[in-house]
Amino acid sequence: SKQARGRLISNIIKLQEDEMVSTIIKVREFEKDKDIFFVTRKGVVKKTNLELFASINKAGIKAIGLKDDDELIFAGLTSGTLKDEIFLATREGFAIRFSENDVRSMGRTASGVRAITLRKADAVVAANVVEPEDNKLSVLTLSEEGYGKRTYLSEYRLQTRAGKGITNLKVNDKTGKVVDVKIVDNESEIMLITSEGTLIRTKVQSISIIGRATSGVRIMKVRNEEKVASAVKITPEVE
């Protein structure tokens, strides 16, 4: 039920001390023509063939080599067509869009390559695998203080990997930092979850489409020290 506290994940899989689950991927078959694309907080990315993860025991296997001051924030499947694009967004309101082909396939223990050159005190907060053929896609950006906006994906030009990116949201005291970014279409719905466990669900179409270099509009009220913590995209298939 909504009120249930859930089951402790460490009772299901073995985690090391201070290790946390960051991403869950649903996989039916470990197809050799698909890759898992990894993104870290410091803007490092790598892709590894899905087939290399076909045999995993309860203790797990190494998926990416991380530096001590970095952490994994995203892992997603690419389609295997080599036409996919990667969209990264940062806490301070910048974003970069580049081709999956900019990153060669690597082994499980490799550390990866730089995807975005971060400005001082910035960090990657969200990543999306994008199929560029869909012209109806938009970028939904959400901030700590409950502000959000949609911007057409076409406004984000394709860049070369490792660039500094372009403005995605004008971050200020009113908006707070960027907490999540989703690639959505007009049929999508979004659930916002706050640090205090409050949840709202809204249709994506109710959120205004405006330009990149804007601060957005309020889509959720937060109280006192409460912040928007995360978002989940809901598609008709889920229903």
Heavy-atom nearest pair, A127 first then V39, reads CB-CG2, 3.7 Å
### Query
So, T78 and D84: side-chain donor and acceptor under 3.5 Å apart, yes or no?
no
Flag side-chain contact, heavy atom, 4.5 Å: T90 against L118:
yes
_Main chain of N101, side chain of S99: is a donor-acceptor contact present, judged purely on distance under 3.5 Å?_
yes
Q) Between T48 and I36, is there a donor-acceptor pair closer than 3.5 Å when you use the side chain of the first and the backbone of the second? A) no
Flag if over 12 foreign heavy atoms under 6.0 Å of CD1, I24: no
Item to complete: For K83 and E131, run salt bridge (Lys or Arg N to Asp or Glu O under 4.0 Å): C-alpha distance rounded to whole Å, both residues' side-chain angles, the deciding distance at 0.1 Å, then the answer.
Response: CA-CA 7 Å; K83 293 181 180 179; E131 295 181 18; over 6 Å; no
Next item on the list: Tell me yes or no: between the side chains of S188 and D185, is some donor less than 3.5 Å from an acceptor?
Entry: yes
Exercise. Run the side chain to side chain contact (heavy atoms under 4.5 Å, CB included) check on T202 and L192 step by step: do they pass?
Worked result: CA-CA 8 Å; T202 186; L192 302 184; 5.7 Å; no
Open item on the list: Checking D122 against K120 for the salt bridge (Lys or Arg N to Asp or Glu O under 4.0 Å) test, could you report, in this order, the C-alpha distance in whole Å, the side-chain angles of both residues, the deciding distance, and whether it holds?
Closed with: CA-CA 5 Å; D122 205 357; K120 188 177 181 181; over 6 Å; no
S143 versus L169: any side-chain heavy-atom pair under 4.5 Å? yes
Evaluation steps, side chain to side chain contact (heavy atoms under 4.5 Å, CB included), between F98 and L88:
CA-CA 9 Å; F98 60 90; L88 304 187; 4.2 Å; yes
Would you say the side-chain atoms of N224 pair up with the backbone N or O of E226, donor to acceptor, closer than 3.5 Å?
no
- Message: Treating R108 as the side-chain partner and K62 as the backbone partner, does any N or O pair qualify as donor plus acceptor under 3.5 Å?
- Response: yes
Any sub-3.5 Å donor-acceptor pair from K177's side-chain atoms to N172's backbone N or O? no
Any donor-acceptor N/O pair, R218 side chain to E145 backbone, under 3.5 Å = yes
Shortest non-hydrogen pair, I207 vs K149, comes out as CG2-CA, 3.9 Å
Distance-only side-chain donor-acceptor flag, N49 / S105, under 3.5 Å: no
Per side-chain contact (heavy atoms from CB on, under 4.5 Å), F38 is matched among V45, L66, L72 by L72
*N/O donor-acceptor pair under 3.5 Å between T194 side chain and E196 backbone*: yes
Less than 3.5 Å apart, any donor N or O on the side chain of R150 or N186 sitting next to an acceptor on the other? yes
Within the side chain of R91, is there an N or O that forms a donor-acceptor pair under 3.5 Å with the backbone of V178? no
Residue set satisfying ring pair (Phe, Tyr, Trp, His ring centres under 6.0 Å) with F87, at least two apart, ordered chain then number -> Y156
Original post:
Under 4.5 Å between any side-chain heavy atoms of L50 and K32, yes or no?
Top reply: no
Q. Does the S195 side chain pair with the main chain of A229, one donor and one acceptor, at a distance under 3.5 Å?
A. no
**Report entry** Side-chain donor or acceptor of R114 paired with backbone N/O of R161 under 3.5 Å
**Finding:** no
Practice problem: Test side chain to side chain contact (heavy atoms under 4.5 Å, CB included) on Q159 and I96 and set out the steps. | Solution: CA-CA 7 Å; Q159 295 180 271; I96 190 169; 3.6 Å; yes
